Amino acid sequence: MTRSTGRPGERPLSVVREDRRRGPGNSLEPRRPGPVEPAPRADAAAPGEADVLRARLRERTADLQRLRSEFDHYRARVRRDRRAVGEIAVANVLAGLLPVLDAIDEARAQGEVTGGFGRVAEVLEKELGALGLRSFGAPGDPFDPAVHEAVSCTRSDRVERPVCAAILRPGYRVGDQLLRPAQAHVAEPGPPPPGEAQTLA
């Protein structure tokens, strides 16, 4: 379309009209979200593959159970070893104090454990007992060579089996560990030799 300006010497103006329709790609308006397509689902495992996976799961579970059992055994063994080491250390210390206890027993038999010395002896014996030290051995106990040391032996028709007629030195133990056997004078069943006095009253 040409339009005249009405002025001399000027060229007529041409107006070009573009009647193109905007397509979806040329539109300035934002696109509206369309329907969202679902993500493709993974195909289900074949029956044979599922059996393989279950078998592997059982193997891994068995491995974990075995490792846990081994760890529990290891932890129990460590605790047992630590306890044994502690008991051995305590036993060594207590064994070194047995001569002190023997000296106290001798002084007590002579009536010399009195006053402050008697108090010290009581505290010492109490503290050693708290550490698990136990003395054993009394007249009349059945003689056991595992825990008794026979210093002398006589026969007596008043006993039916070997017994400790007298304890010459007490024995000591810590728990189940023997520190020292008890020294004893042992009486065995049987008629005493002529001229020998009876051992047990």
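Fair warning: this is a prediction, and the values are worked out from it, not measured in the lab.
No continuous path of ILVMFWY side-chain contacts below 4.5 Å connects V93 to V90, so the two sit in separate hydrophobic clusters. L131 and V174 fall within the same hydrophobic cluster, where Ile, Leu, Val, Met, Phe, Trp and Tyr residues are linked whenever their side-chain heavy atoms come under 4.5 Å apart, directly or through other members.
At least one donor-acceptor pair closer than 3.5 Å links the side chain of R155 to the backbone N or O of P189.
Applying the 6.0 Å contact sphere to CD of E70 captures more than 12 heavy atoms from other residues, nucleotides or ligands. Counting heavy-atom neighbours within 6.0 Å of R75 CZ, excluding the residue itself, gives a total above 12.
Taking both residues in full, the closest heavy atoms of A121 and V113 are given as CB-CG1, 4.1 Å, listed atom of the first, atom of the second, then distance. Y172 and F136 make their closest contact through N-CE2, 3.4 Å (heavy atoms, listed as atom of the first residue, atom of the second, distance). Pairing each heavy atom of G137 with each of I167, the nearest pair is C-CG1, 3.6 Å. The shortest non-hydrogen separation linking E125 to L101 is CG-CD2, 4.2 Å. C164 and A184 make their closest contact through SG-CB, 3.8 Å (heavy atoms, listed as atom of the first residue, atom of the second, distance). In this structure, P139 and A165 approach most closely via the heavy-atom pair CB-O, 3.7 Å.
Using a 4.0 Å cut-off between a side-chain N of Lys or Arg and a carboxylate O of Asp or Glu, E122 and R119 qualify as a salt bridge.
Atom CZ of R134 and atom CG of L128 lie 10.5 Å apart (nearest 0.5 Å). Separation of atoms CD (Q177) and CD1 (I88) is listed at 6.5 Å; rounding is to 0.5 Å. Considering OG of S152 and CD of Q183, their distance stands at 10.0 Å, rounded to 0.5 Å. Summarising the geometry, atom NE2 belonging to H185 is positioned 7.5 Å from atom SG belonging to C153; distances are rounded to the nearest 0.5 Å.
Applying side-chain contact (heavy atoms from CB on, under 4.5 Å) to V100 and the options L98, D102, I104 leaves one that passes, I104. In summary, of the residues considered (L67, T61, D63), a side-chain contact (heavy atoms from CB on, under 4.5 Å) with Q65 occurs for T61 alone.
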Candidate pair L64 and R68, rule side-chain contact (heavy atoms from CB on, under 4.5 Å), full reasoning = CA-CA 6 Å; L64 290 176; R68 181 176 180 179; over 6 Å; no
When the side chains of residues 141-149 are checked against the rest of the protein, which donor-acceptor pairs come out under 3.5 Å, sequence neighbours left out?
unit_1: D141; atom_1: OD2; unit_2: A138; atom_2: N; d: 2.8
unit_1: D144; atom_1: OD1; unit_2: A146; atom_2: N; d: 3.0
unit_1: H148; atom_1: ND1; unit_2: D144; atom_2: N; d: 3.0
unit_1: H148; atom_1: ND1; unit_2: D144; atom_2: O; d: 3.3

